[in-house]
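Taking it in order: structure first as structure tokens, then the write-up.
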Amino acid sequence: MPELPDVEGFREVLARCAQGKRITGVEVHDAGVLHGVGAERLRRRLEGRRFTEPGRHGKWLLARTDGPTVLMHFGMTGQLVCCRATDDLQAHDRVVFVLGRDQLRFRDQRKLQGIWLAEDPDADVARALGDQGPDALSMDRDGFDELLSGRRGRVKSVLTDQSLIAGLGNLLADEILWRARLHPARQAGELSDDERHRLHTEMRRTLRSSVRAGRVPPRRSWLTGRRDDADPACPRCGGPLDRRRVGGRGTVWCPRCQPDTS
DNA sequence: TTCATTGTTGTAGC
DNA sequence: GGCTACAACAATGA
């Protein structure tokens with residue numbers, strides 16, 4: 001499920017596969033992923049353009065061209081893949097950007113999000129991303145303190161609220177809280193200076209490792225590597241992990257390492 | 001058939 | 001109005 005590290009990986013795929021290349025065709029195999037733009041207009045606006053350096057904000061990918069910018073959000077199951085024109089079309093290849101012999105494919109099983117066209121690469125992008133908080137990778141300690149202080153909501157809800165901080169999803173939030181030894185239902189504003197500092201440090205560490213791996217790595221030494229086990233055990237203390245809904249989301253934590261002090 | 005999955009959106013309530 | 005919590009929705013598989 002694409003979170004910041006996955007989308008950063010897709011950005012690299014685009015940079016490697018498509019940057020500098022001319023768009024010779026746009027094949028829309030399922031217009032259901034298009035938002036606010038039809039297949040015909042998407043094609044007309046993009047054909048003949050070249051992809052330039054791609055950007056990312058939170059979970060959004062900015063596929064820039066020397067004309068409009070294509071905004072992509074991958075929902076739960078989306079991905080961006082680099083193919084040869086001769087590669088078989090997959091069942092869930094919804095939109096194909098043809099670049100001569102190469103192709104950039106927006107592949108998505110469940111069409112929960114999709115593709116937007118920002119005709120004006122400044123104003124339209126700013127409008128589309130206007131409700132997004134700062135990118136999680138750019139959040140420094142002061143900004144993080146400000147984010148959490150005075151908030152009554154649960155710390156997990158704050159971490160996954162894209163309008164407050166952009167890029168963290170369910171898996172990352174659980175992983176970061178586990179590493180920082182903080183219970184996900186703690187009130188954000190009641191964390192001590194030390195706890196906030198730990199959370200910020202672990203957020204950066206977890207993000208860095210995950211970006212390197214292209215995803216939140218499901219290693220056995222990470223919480224993520226255990227959460228699908230039948231009787232998951234904490235990689236750190238070996239105790240049984242707890243699993244319950246927090247803020248409406250499936251949440252996994254270690255009751256021993258992450259005591260609920262609220 | 002129902003539930004669970006995730007991120008987003010709309011809304012109710014404080 | 002700002003903030004918080006929660007239900008609903010998208011599509012699909014178990």
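These numbers come from the heavy atoms of this one structure, side chains and all, not from hydrogens, waters or symmetry mates.
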Where protein sits on nucleotides 1-14 of chain B, one letter per nucleotide: B base, S sugar-phosphate only, - none, heavy atoms under 4.0 Å = ----BBBBS-----
Give me the ring orientation class for A:F10 and A:F74: parallel if the planes are under 30° apart, tilted from 30 to 60°, perpendicular past 60°.
-> tilted
Rounded to the nearest Å, what distance is computed from the NZ atom of residue A:K111 to the P atom of nucleotide C:dC9?
-> 18 Å
Separation of C:dA5 C1' from A:D161 CG (nearest whole Å) | 12 Å
Quick note, disulfide (SG to SG under 2.5 Å) partners involving residues 40-153 of chain A, not counting sequence neighbours, are A:C17-A:C82
Kindly say if A:R151 contacts the phosphate of C:dT4, meaning a side-chain N or O under 4.0 Å from OP1 or OP2.
-> yes
Measure the CD-CG distance between A:E3 and A:L172 for me, rounded to the nearest 0.5 Å.
-> 4.0 Å
Hydrophobic cluster of A:W253, others only, ordered by chain and residue number, side-chain cut-off 4.5 Å = A:V246
For the pair A:R186 and A:D260, find out whether any cationic side-chain nitrogen is under 4.0 Å from an anionic carboxylate oxygen.
-> no
